[in-house]
Structures are given as structure tokens and as C-alpha cells.
Amino acid sequence: MAAISALALLSACASVAPASGSSAGFKPAAQDDKSGITVLVDPTREAAVQAYQKAHPNVKVKVTTFNGTLQTKMSLYDKAGSGWPDVVFSASSSDPTWASKSSGSGAQPYAAPLNQNLIPQSTLDGWADGSLAPCQFGGNLYCLRNDIAQTVTWYNKTLFDQWGYTVPKTWDDFQALGLKVAKEHPGYLLGEFGDAWGPEIFFQASKCPVQGTTDKADTIKVNLQAPECTRMAKVIDTLLDAGVLGKQSYFEKGLDGSKVLMSVGPSWFGQYLFNATYKVPAGQIGVADQPQWDASAPANGNVGGGVWMVSSHSKNLKAATDLATWVTSDTGFQKTAPTYPANKAAAAAWLTNPANVSYFATPVKAPFQTAAGQVWKGWANTTFGDSAAFQKVVLPGITGGKSLTSLLPAWQTEIVNSAKAAGYKVVQ
Amino acid sequence: MTTAQTLRPAQRERSNKAGYLFVAGYTVLLIAFGVLPTTYALALAFTNDQWQFTGFGQFIVAVTDYRFLQSMANMGAFLVIWLTATVVFAVGLALVLRNFVRGRASVFWRFIFYLPGALAGVASTLVWMFMLSPQASPIAPLLHAIGWTDFGQVVQPQNLPGIFAVMAFWVGVGGWIIIMYGAVNNISDDVMEAARLDGASSWQLAWYVQIPMIRQWVVYMLILAFAGGTQLYVEPQLLFVASKQVDPTWSPNQLAVQFAFGATSNPNVAAALSVVLLVVGLMFAVVLVKRSGMFNVEAED
């Protein structure tokens with residue numbers, strides 16, 4: 001300790017932290033309506049850009065695909081002072097957190113504030129309630145939400161009917177059903193608790209302040225001993241003990257998908273998990289509302305959902321903004337999108353596309369729309385993300401045989417440490 | 001000697017020029033990819049993003065980070081297991097090859113030992129991830145017998161130093177066996193013959209004659225292996241990506257990458273941490289060199 005304070009004396013020269021720029025100073029580059037635009041997307045979203053290009057043959061679009069950490073790439077462009085793509089897609093809805101701020105050294109924040117003379121408010125009103133929240137910082141809008149991943153209940157309707165089970169409406173029902181399944185049909189699962197989405201699927205839906213919002217953007221609330229957290233931890237512990245919640249990843253190689261009787265999970269589980277991965281035949285999987293603690297004050301989880309951002313350095317903001325708006329809201333294109341659109345008109349079109357809904361045994365529309373409007377807004381978007389601490393502390397603990405309840409204090413410590421290291425203030 | 005004396009001055013100059021030409025390529029690359037980045041890192045470590053001097057400020061940020069001690073402890077555990085295994089097996093197998101295996105069999109075994117080293121780091125990590133996955137591994141029954149039925153149980157924190165040591169050992173030890181074999185081979189037959197005439201058994205020959213005579217090679221191996229080991233990055237990073245439950249800042253190098261590109265991007269702290277690792281490696285080298293008398297010319301006689 002003495003050595004450290006001696007070093008501190010030596011170091012009292014200049015601030016060690018990067019100079020943080022506020023998001024206020026947006027100065028567009030000189031505009032050129034003829035200038036081509038570059039778009040950086042993940043491989044899945046390449047089709048979106050190609051569709052735009054087809055519909056707009058006059059715009060020069062260059063698309064590059066990339067699967068990695070966007071922040072790393074952007075801070076390298078910031079260091080170089082050039083090269084930023086005009087539009088980017090990010091699969092992580094927490095990316096606007098850093099993209100709306102300067103990366104240091106006076107660099108202009110990457111994301112352009114779209115509400116400032118770029119997209120009219122009437123257009124922005126077309127997005128689902130709360131779906132643009134991850135894009136909003138300091139009264140500005142820094143991205144357009146592509147899709148939402150609201151949580152619903154997925155269940156094997158064929159087996160439920162055969163065994164006379166009803167879909168649980170509350171988390172207490174969920175636990176009771178789990179204990180019943182453990183006794184009557186051991187080996188079947190009500191889900192897995194081995195993925196990074198655990199916090200969002202269970203704790204966001206329980207209104208637990210894993211990283212709760214406060215009225216300040218740089219302050220989050222972390223209190224895993226709150227009753228909203230411990231009640232969910234107890235349910236999960238009970239079902240882990242009973243063996244009806246698995247400890248593997250949903251996508252673990254060799255997992256027998258036919259044993260997954262039910263699962264609370266995001267809207268993309270239906271197609272990606274049950275259809276594409278588990279290959280459950282069509283007409284068996286049903287979708288219902290996610291269980292609640294209190295039907296009068298419902299809350300749902302949300303597992304990610306991508307965003308499109310426009311570069312504040314773009315020489316052709318008009319074309320860049322137009323592309324971002326089109327790929328997120330064009331009904332003709334979005335109805336073929338792989339995931340549930342955040343734009344309301346696009347979502348309505350998506351739900352009429354048989355390719356998205358005909359696989360399921362029950363109607364998709366009502367549970368999806370209900371869930372989309374109920375995603376708990378008390379969950380903050382942070383630069384350090386909501387899953388890293390969970391993956392580091394909770395998942396190894398669970399596979400190592402510890403109970404979730406016993407891991408809550410260590411999880412709390414890890415979240416608080418990573419929040420502070422990322423420059424956040426933490427309240428309980 | 002005779003050629004140097006018969007060369008005229010102009011010729012001597014020309015041959016000097018050729019020498020410079022030969023090292024020029026290497027020197028350019030060394031400056032571009034060795035000296036410059038190191039200087040840049042040193043400059044970054046003592047400044048902030050405005051190039052203002054911060055003294056040891058960035059070092060304090062790095063070593064007081066809540067992840068620093070854990071990642072250093074992880075690296076330490078890895079190094080102890082890996083270096084011990086490398087020294088014991090590289091020297092042991094080289095001696096066995098030299099003393100008991102002859103002719104074609106020796107060539108065959110040296111080739112086999114070297115083979116895994118031909119795989120690049122990433123590929124070998126993938127091979128081991130496959131080997132250690134209870135669902136996919138060809139040695140699955142063995143993993144099940146240990147009580148590992150899914151990957152999550154394999155990558156429990158207490159297993160990780162051993163797992164990374166196995167991965168690094170598998171790739172690296174082959175090359176060292178070949179080098180140690182060369183070192184043992186260099187010991188003069190007269191010395192070996194004298195020891196045998198004095199009645200030394202194979203065991204005594206190895207322990208009292210061969211190992212002391214290749215001691216400097218072992219020190220050399222330890223210094224290089226230690227420096228390489230402090231750079232551990234690919235193995236934990238791939239395991240983190242694959243398992244989703246390995247600490248993303250398991251090794252100090254991963255922590256440095258987090259500092260540079262993570263939630264709060266600060267390349268200056270990352271540079272400071274790299275300098276810390278460099279200093280640790282240098283200190284280890286200095287201690288070994290001093291204690292072994294590696295560069296002590298008299299000791300060689």
C-alpha cells in the first residue's frame with residue numbers, strides 16, 4: 001500500500017483517463033449527395049443491404065461483413081482519423097452506449113444524432129413502444145432498432161396436450177409445473193440455465209436490478225438481494241435441484257432438443273432453436289405469454305436485438321440515413337427479416353408472412369405483440385454489458401454445483417467492480 | 001586468416017558492404033515491428049491520450065484494477081505447471097532418445113514429437129477443445145469417468161491452468177525435445193566414454209554428466225518459454241468464446257486487450273500493463289542468467 005501511494009506521488013502530473021467528449025458537438029462533414037456509402041454488417045444482415053441496393057439502383061453502396069467487436073474497430077478508425085463506414089449494423093443493442101460518446105482525444109462520437117434534421121419525428125413514432133430506448137442518450141437518438149427479442153413462453157403443445165399440462169401463467173405456476181414434470185416425466189426440461197441470456201430472460205422479467213436504471217445516465221442500481229431478485233433465484237434453484245432446468249447451453253452440441261418441453265425465451269427461439277437447431281417437426285411448438293409475478297404489473301425480458309447506426313463522419317448523411325430507415329422499416333423487406341422487427345408496421349407485415357408463423361401450433365401474433373409492449377424498461381444499457389459478470393461468476397458456479405442464491409453476493413461484487421471499472425457510479 | 005591477409009583494402013570494404021546488406025532486411029523489420037512498437041508502448045505507458053506525462057499513473061490504474069491480481073495468479077499457476085512439465089519432458093525425452101533409441105527409430109520419434117508443433121496455436125486450441133468436450137471427444141468415456149459430462153464442468157476455474165498448460169505443452173514441447181537432443185548430441189563422445197569406463201550407469205551418466213552439460217540450454221529454454229508464457233492469450237480467449245463461461249480477462253494479456261478496447265477504451269493503461277509483463281519477463285531472465293552463470297565464459301571450460 002505504501003509503495004502504491006509513493007507511486008501515486010510520482011504520478012501527480014496529468015489525468016490518466018482519456019478526455020471524455022460529450023455528445024453535444026455534432027459537426028457534419030461537407031456533404032456530397034453523389035458520394036457512395038459504405039455499410040458494415042454481420043453476415044446475416046448482408047441480405048438487407050443487398051435488398052436496399054436492388055430497390056435503389058442509383059445509390060452507390062459498398063457492403064462489408066464483419067463478425068467481431070465493433071467498438072474495437074471503431075476506436076481504431078478514431079485513432080486513424082478516417083475510414084469509418086457510413087452505416088453499421090450492430091447485433092448488440094448496448095453498442096450505442098459507447099457510439100454516442102467520444103472515444104477520447106476529442107474524436108467526434110461515431111453515431112450521428114438521427115433526430116437532428118435527419119429523420120422526422122413522425123417516422124420515429126412508428127417504432128414499438130420503448131424499443132428505441134437503447135438508442136436514446138441525453139435527448140438525442142443515436143440508432144434505429146432493427147429487431148426486438150422480447151421473451152415469451154415456448155412449449156411443446158403436442159406433449160402438453162398429451163400429458164394434460166397447462167401453460168404456466170405465473171412464475172409460481174412455472175415452478176409447480178417443473179416439480180410435476182420432474183416427478184411424472186423425468187428427463188424433460190423446462191429450459192436451460194447455461195447461457196449468457198440468463199439475466200435477461202429471468203431477472204429482467206422479474207424486475208430485478210441487476211443493472212437498474214436511475215435518473216442519471218452514469219449511475220446504475222445494483223442490488224441482487226432485492227426481493228425481485230431472490231424470488232427468481234429461489235425458483236431457479238428449486239428447478240435446478242429437481243433437474244428440470246438444465247445447466248447446459250441451449251445450443252450445446254449433443255443436447256437432445258426433443259427433451260425441451262418448454263422454455264421461456266426470446267422471440268427468435270422459435271425459428272432458431274426449436275425449428276433450425278432442434279428440428280422439432282412443424283405444428284408441435286406453441287407460443288404463449290411469458291409467466292408473470294403480478295399480472296397487473298407485467299414485465300418481460302429482452303434478449304438483445306440489433307441496431308443500425310449512421311456515421312457522424314459520413315459525407316452523404318442523406319443516403320446513409322435513408323438506408324438505415326429503409327432496412328429497419330420497409331414492410332416489403334422486413335416481413336422477410338429473420339427476426340421480429342422493432343418497427344410497428346414492419347412487425348405487422350412480418351406477422352402476416354406465413355414463413356414466420358406457419359411452423360407454430362398456436363397463433364404467434366398476440367403473445368409477440370403483448371410481450372413487445374411489456375419489456376421491462378428498468379434495465380439499463382451499459383458499456384460493460386449485462387452478461388459478462390454472469391458468465392464469469394454465475395455459470396461456472398452453477399456447473400460446479402453451487403446454488404444460484406449462494407452465488408448472488410459474488411455476482412453482485414463482480415457487477416459492481418466491472419461497472420466501476422467502466423466509469424459508472426453504483427447505488428444499491 | 002590467410003584470406004583476410006591477402007585481401008586488398010577495397011575488397012575488404014566490399015565484403016563488409018555485403019554484410020550490411022545481409023542484415024539490412026532484418027534490421028528494417030526489427031525496427032518496424034520490434035523497436036518501434038516497444039518504444040511506442042513505453043511512450044503510451046507514461047502518458048495519457050493527450051500525450052501529457054502521467055508518471056506511473058497508468059501503471060497504478062493497471063495494477064490496482066480489480067482483475068489484475070487474479071489474472072497474474074492465473075498466469076503464475078499456468079507457468080508453474082507448464083514450465084515444470086516442459087523442462088522435465090523435454091530434457092527427459094531428449095535423453096531417452098539419445099541414450100536408448102538408435103538410427104531410424106530415433107528419427108521417427110523426433111518427427112512424431114515435433115508434429116503437433118506444426119499446428120498453429122489456434123488450430124491446436126481447437127483440437128483440444130474438441131478433445132475436452134464430453135459430447136464430441138474421442139476420449140469421452142475417460143472424461144465421463146472423471147465426472148465431466150458437459151463442457152461447463154471441464155472449464156471450471158480450478159481446471160483452467162492445467163488445461164492451458166496441456167495445450168501449450170502439446171504444441172511447444174516437440175521443438176524443445178529436438179533442440180535438447182541436439183544439445184545432448186553435442187557432448188563429446190570422449191567424455192561419455194570416460195564416464196562409462198569409470199563405471200557410470202545410464203542413469204548416472206544422464207544425471208551427473210549430460211544434464212549438467214546442457215544446463216545452459218535448459219536455462220535458455222526456460223527464459224524463452226517464460227517470455228512466451230506471459231503472452232498467453234489465444235487459448236483462454238478461444239475457450240471464453242467457445243464456452244461463454246471462462247473469464248474474458250483470464251490472462252494479463254487478455255486484460256490488456258480489455259483495457260485497450262473494452263468498455264472504457266484506454267490504450268495507455270494497456271501499454272502500461274504490457275510494460276509490466278515485459279519487466280516481469282526480463283527479471284526472470286536476469287535471475288536465471290545470473291544464477292546459472294549462463295554467459296560466464298570460464299564456466300564453459
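By convention in this document, chain letters (A, B, ...) are assigned in the order of the sequence lines, proteins followed by strands, and residues within each chain are numbered from 1.
If you tally non-hydrogen atom pairs under 4.5 Å between each of B:Q135, B:Q52, B:R67 and chain A, the highest count goes to B:Q135. The candidate with the highest count of non-hydrogen atom pairs below 4.5 Å against chain B, out of A:S94, A:G423, A:A421, is A:A421. Per-residue heavy-atom pair counts under 4.5 Å with chain B were compared for A:G194, A:S387, A:G400, and the maximum is reached by A:G400. Per-residue counts of heavy-atom pairs under 4.5 Å with chain B were compared for A:T72, A:L395, A:N417, A:L255; the largest is that of A:N417.
Of all the heavy atoms in B:Q153 and A:T399, the pair that sits closest is CG-O, 3.8 Å. Shortest non-hydrogen contact noted between A:Q391 and B:F240 is NE2-CE1, 4.1 Å.
For A:I398, no part sits under 4.5 Å from any heavy atom of chain B, backbone or side chain. Proximity to chain B is limited to the side chain of A:S75, based on heavy atoms less than 4.5 angstrom apart. Only the side chain of B:T249 comes within contact range of chain A, with at least one heavy atom under 4.5 Å from a heavy atom of that chain. Neither the backbone nor the side chain of B:N268 comes within contact range of chain A; no heavy atoms are under 4.5 Å apart. Neither the backbone nor the side chain of B:P134 comes within contact range of chain A; no heavy atoms are under 4.5 Å apart.
Counting only heavy atoms from C-beta outward, the side chains of B:Y66 and A:E414 approach each other to under 4.5 Å.
Around the CZ atom of B:F89, the shell of radius 6.0 Å holds no more than 12 heavy atoms that belong to other residues, nucleotides or ligands.
Remark: B:T149 OG1 to A:K247 NZ distance equals 9.5 Å, nearest 0.5 Å.
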